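Source: prediction; values computed, not measured. Below, read A as the first sequence line, B as the second, and so on, with proteins coming before strands; counting in each chain starts at 1.
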Protein chains: 2
Amino acid sequence: MRGATLQSIATAAGVHRSTAARALDPGQSHRISPEVVERVRAEAQRQGYRRDAIAASLRTGRSRLVGVVVPDLANPVFAPILDGIGAQLSSEGYSMLVADGGPDAAAQAAIVEELIARRVDGLVLATATRDDPVLTICLNAGVPTVLVNRREDELRASSIVTDDLAGMFLAVEHLIELGHHRIGHLAGPVDFSTGVLRRKGFEDAMRTAGLAADAVVVTTEYSRPAGRSATASLLDRWPDVTAIAASNDLLALGAIQELKVRGLSCPADLSIVGHNDMPLMDMVAPPLTTVQIGLAEMGEQAARHLLDHISGSSLKPAVLQVRPQFVLRDSTAMASK
Amino acid sequence: MRGATLQSIATAAGVHRSTAARALDPGQSHRISPEVVERVRAEAQRQGYRRDAIAASLRTGRSRLVGVVVPDLANPVFAPILDGIGAQLSSEGYSMLVADGGPDAAAQAAIVEELIARRVDGLVLATATRDDPVLTICLNAGVPTVLVNRREDELRASSIVTDDLAGMFLAVEHLIELGHHRIGHLAGPVDFSTGVLRRKGFEDAMRTAGLAADAVVVTTEYSRPAGRSATASLLDRWPDVTAIAASNDLLALGAIQELKVRGLSCPADLSIVGHNDMPLMDMVAPPLTTVQIGLAEMGEQAARHLLDHISGSSLKPAVLQVRPQFVLRDSTAMASK
DNA sequence: GATGTTTATGCGATCGATTGCACGTTGTCA
DNA sequence: TGACAACGTGCAATCGATCGCATAAACATC
């Protein structure tokens with residue numbers, strides 16, 4: 001049954017293929033007489049016709065396809081983001097081309113080139129660094145692009161992010177309220193906006209409270225192993241910290257693992273706050289106190305915003321901030337001393 | 001710079017566009033004189049030419065696009081599967097069109113129709129029921145399709161699954177070795193192959209050990225709430241069970257939650273075994289003893305197999321089983337009585 | 001009834017890459 | 001030297017839907 005074409009149903013219905021096209025297009029069918037519309041529809045139904053999106057794209061120049069690039073598909077943090085993007089896109093008749101760009105820019109660039117060759121109408125990058133060469137490619141190619149979760153320093157493209165400063169502020173305030181005053185920070189990579197902004201949030205919050213913000217270890221990736229080794233450095237260097245604010249849940253999980261290895265327990269010996277509230281963070285041991293950044297919502301908004309960019313001519317790049325929310329669970333406790 | 005076309009570089013290089021096409025195709029360039037090839041390549045480079053995949057697809061009928069349908073993108077179990085599929089596909093120059101079909105067949109059918117209209121070269125369904133109407137659509141459309149994680153009863157399409165019987169056997173054997181003889185089972189939905197096969201695995205293992213396999217509660221979806229309420233029913237009806245073999249990790253997590261609510265603890269009061277070994281199952285409380293089913297590997301194999309189907313003429317449908325592996329963690333303990 | 005307007009439909013170019021066929025040139029062999 | 005093969009390129013049809021323009025018929029207006 002491969003091959004019911006517009007031509008074939010037009011012939012069968014005794015009309016020209018352009019007439020058939022109009023009859024089947026809900027936006028145009030009113031220009032065609034009802035009986036012809038009915039005849040064409042019936043014939044299309046009978047032959048099981050489906051419009052060939054490829055051919056349509058070639059002619060119109062639009063593919064109704066959006067490319068989404070993530071740095072690591074296996075990381076559970078992206079599932080809700082993709083979910084949000086996908087939901088929003090499909091409600092508008094768009095589909096999502098998901099690609100794992102990996103951690104390095106060269107591979108990401110190749111992937112993006114591939115997506116552009118496939119004539120995507122727009123791109124969502126969850127991979128952005130603070131000065132992202134991949135974004136340059138997208139912009140040069142004239143493809144509407146939005147960033148999600150991370151942003152650039154410059155405002156070259158719209159970004160949908162959480163308020164990283166405010167989020168980390170919430171986390172640190174909580175620890176301070178619990179009586180901690182020697183607090184360490186596991187900072188994210190310096191080339192990610194989340195890394196530096198959350199670190200700044202940490203420092204601001206500490207200073208505001210009149211506390212020293214020196215116990216900081218910078219990681220080079222958001223992962224559990226990175227969290228473990230960073231925590232090891234932190235504890236070796238500042239053995240007196242009683243709490244850790246991590247800039248990411250995976251780092252926090254790594255920290256918890258390191259504590260366990262050292263025979264320390266969380267939260268009895270050290271309090272730990274994560275960031276992002278990834279799926280399952282309520283079930284880990286101990287259930288992680290963290291900052292929820294609205295992953296699915298960011299995805300939705302990114303998609304919606306991208307669609308606006310695609311249709312609405314030239315919107316100014318903007319930064320949309322989703323409000324972070326503190327989530328109290330069991331990985332934090334009163335300072336004992 | 002939008003619009004370096006084959007024609008434009010051909011003109012600039014002083015050749016016909018068909019010659020340019022051949023010069024740029026590694027498989028054809030040997031038929032063209034080296035100097036022309038060089039000239040065309042240089043010009044293509046200079047103009048930043050990218051072949052328009054859409055136009056090529058229209059002509060050739062192949063899109064190098066594979067549709068992947070999952071029932072719930074937000075479920076972390078699919079992240080590794082998508083990762084495996086994506087890795088394999090991109091290594092062969094294919095891209096992945098990911099769609100969330102939702103739980104019901106009608107919506108899935110609509111999504112699949114959409115994917116077919118986009119002329120995907122093949123489809124991976126992670127949504128299959130034991131007699132799947134959506135697969136019928138794919139087959140009727142003549143689109144190569146493989147099932148991943150779940151299979152049909154009939155062998156209409158190739159499936160890449162784990163050995164569900166064997167996997168559950170491992171789980172139950174483990175519990176029995178720990179001295180449990182009153183073991184309950186949280187069965188998956190009856191219309192999923194995983195639901196019935198794992199249940200059968202449970203029953204077989206119990207009977208093999210001469211134990212009664214009557215303490216079974218059937219769920220209607222794989223989710224934590226479903227696990228909680230199923231566990232509630234199970235404990236109400238068979239208060240003497242000392243262990244539960246769940247047919248899915250999320251069900252197991254739900255069970256743990258229900259225990260907690262009842263003031264029981266895992267594994268002290270009840271042992272629980274999950275299934276799938278989703279991401280983070282090593283970090284939940286307690287770290288979940290489960291059966292690892294090779295999610296990423298299934299994804300990879302599914303993609304590889306699909307590509308074979310796409311290129312290699314007509315392979316017979318087959319069931320490929322990835323071997324499950326028992327993972328011992330802390331949610332199981334010796335039976336106390 | 002002549003002119004203007006609306007309505008329904010047909011016509012054909014177009015998007016850009018691919019590919020079977022044809023043509024001219026050069027080289028080979030008897 | 002004539003017949004034929006091999007090679008490098010050009011030519012033009014093709015994939016299927018879309019859409020501006022043309023046209024014919026129907027209808028309205030004075």
Side-chain angles (χ1 to χ4, degrees), chain A residues 1-41 43-44 47-65 93 114 116-121, chain B residues 1-41 43-44 47-65 93 114 116-121:
Chain A
M1 284 300 94
R2 299 278 257 166
T5 154
L6 204 44
Q7 180 65 69
S8 77
I9 68 170
T11 310
V15 296
H16 191 265
R17 64 181 188 285
S18 64
T19 304
R22 293 189 262 253
L24 292 175
D25 179 349
Q28 304 235 334
S29 57
H30 66 278
R31 318 173 117 273
I32 301 293
S33 68
E35 47 273 350
V36 170
V37 170
E38 187 40 49
R39 197 140 40 92
V40 171
R41 291 231 169 107
E43 192 57 36
Q47 297 194 24
Y49 170 75
R50 239 183 298 299
R51 107 131 117 299
D52 184 324
I54 296 273
S57 291
L58 179 58
R59 176 62 224 260
T60 61
R62 280 167 301 116
S63 61
R64 299 184 86 72
L65 232 49
E114 166 72 18
I116 292 174
R118 289 190 185 278
R119 287 276 169 111
V120 292
D121 290 345
Chain B
M1 284 303 95
R2 297 278 258 165
T5 154
L6 204 44
Q7 180 66 68
S8 77
I9 67 170
T11 309
V15 296
H16 192 266
R17 63 182 191 282
S18 63
T19 305
R22 292 191 262 252
L24 293 174
D25 179 349
Q28 304 237 329
S29 56
H30 66 278
R31 319 173 119 272
I32 302 293
S33 67
E35 47 272 351
V36 170
V37 170
E38 190 39 50
R39 196 141 39 91
V40 171
R41 289 231 171 107
E43 191 56 37
Q47 298 194 21
Y49 171 76
R50 300 232 107 231
R51 106 131 120 300
D52 184 324
I54 296 275
S57 290
L58 179 59
R59 175 60 225 256
T60 62
R62 279 166 301 115
S63 61
R64 298 185 87 72
L65 232 49
E114 166 71 17
I116 292 174
R118 289 190 184 280
R119 287 277 169 110
V120 293
D121 290 346

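Each of dG10(C), dC21(C), dC15(C) was ranked by its minimum atom distance to the side chain of R22(B); first place goes to dC21(C).
Q28(B) has its CD atom 15 Å from the P atom of dC21(C), to the nearest Å. Summarising the geometry, the separation between CG on D25(B) and P on dT19(C) is reported as 8 Å, rounded to the nearest angstrom. Atom P of nucleotide dA13(C) and atom CG of L58(A) are separated by 17 Å, given to the nearest angstrom. In this structure, CD1 of I9(A) is placed 11 Å from C1' of dA17(D), rounded to the nearest angstrom. If you measure from atom CZ of R62(A) to atom C1' of dC15(C), you get 13 Å, rounded to the nearest angstrom. Per the geometry, CZ belonging to R39(B) stands 14 Å off P belonging to dG8(D), to the nearest Å. Distance I32(B) CD1 to dA6(D) C1': 14 Å, rounded to the nearest Å. Distance, Q7(A) CD to dT18(D) P: 14 Å, rounded to whole Å.
Across every non-hydrogen atom of R62(B) and D121(B), the tightest pair is CA-OD1, 3.5 Å. Considering every non-hydrogen atom in both L24(A) and Y49(A), the closest pair reads CD1-CE2, 3.7 Å. Closest approach of R118(B) to S63(A), counting heavy atoms only: NH1-O, 2.7 Å.
Within the 4.0 Å cut-off from OP1 or OP2 of dG16(C), not a single side-chain nitrogen or oxygen of R59(A) is found. Phosphate contact (OP1/OP2 of dT9(D), side-chain N/O of S33(B), threshold under 4.0 Å): present. Here T5(B) reaches the OP1 or OP2 of dA17(C): one of its side-chain N or O atoms lies under 4.0 Å away.
Heavy atoms of R17(A) sit under 4.0 angstrom from at least one base atom.
Mapped onto DNA chain D by nearest heavy atom, T60(B) and V36(B) fall at different nucleotides, with V36(B) at the one closer to the 5' end. Each of H16(B) and S18(A) was assigned the nucleotide of DNA chain D with the nearest heavy atom; the assignment lying further toward the 5' end belongs to H16(B).
In terms of modelled atom types and a separation under 3.5 Å, the side chain of R39(B) and the main chain of A13(B) share a donor-acceptor contact. No donor-acceptor distance shorter than 3.5 angstrom exists from the side chain of S8(B) to the backbone of A4(B), with no hydrogens or angles considered.
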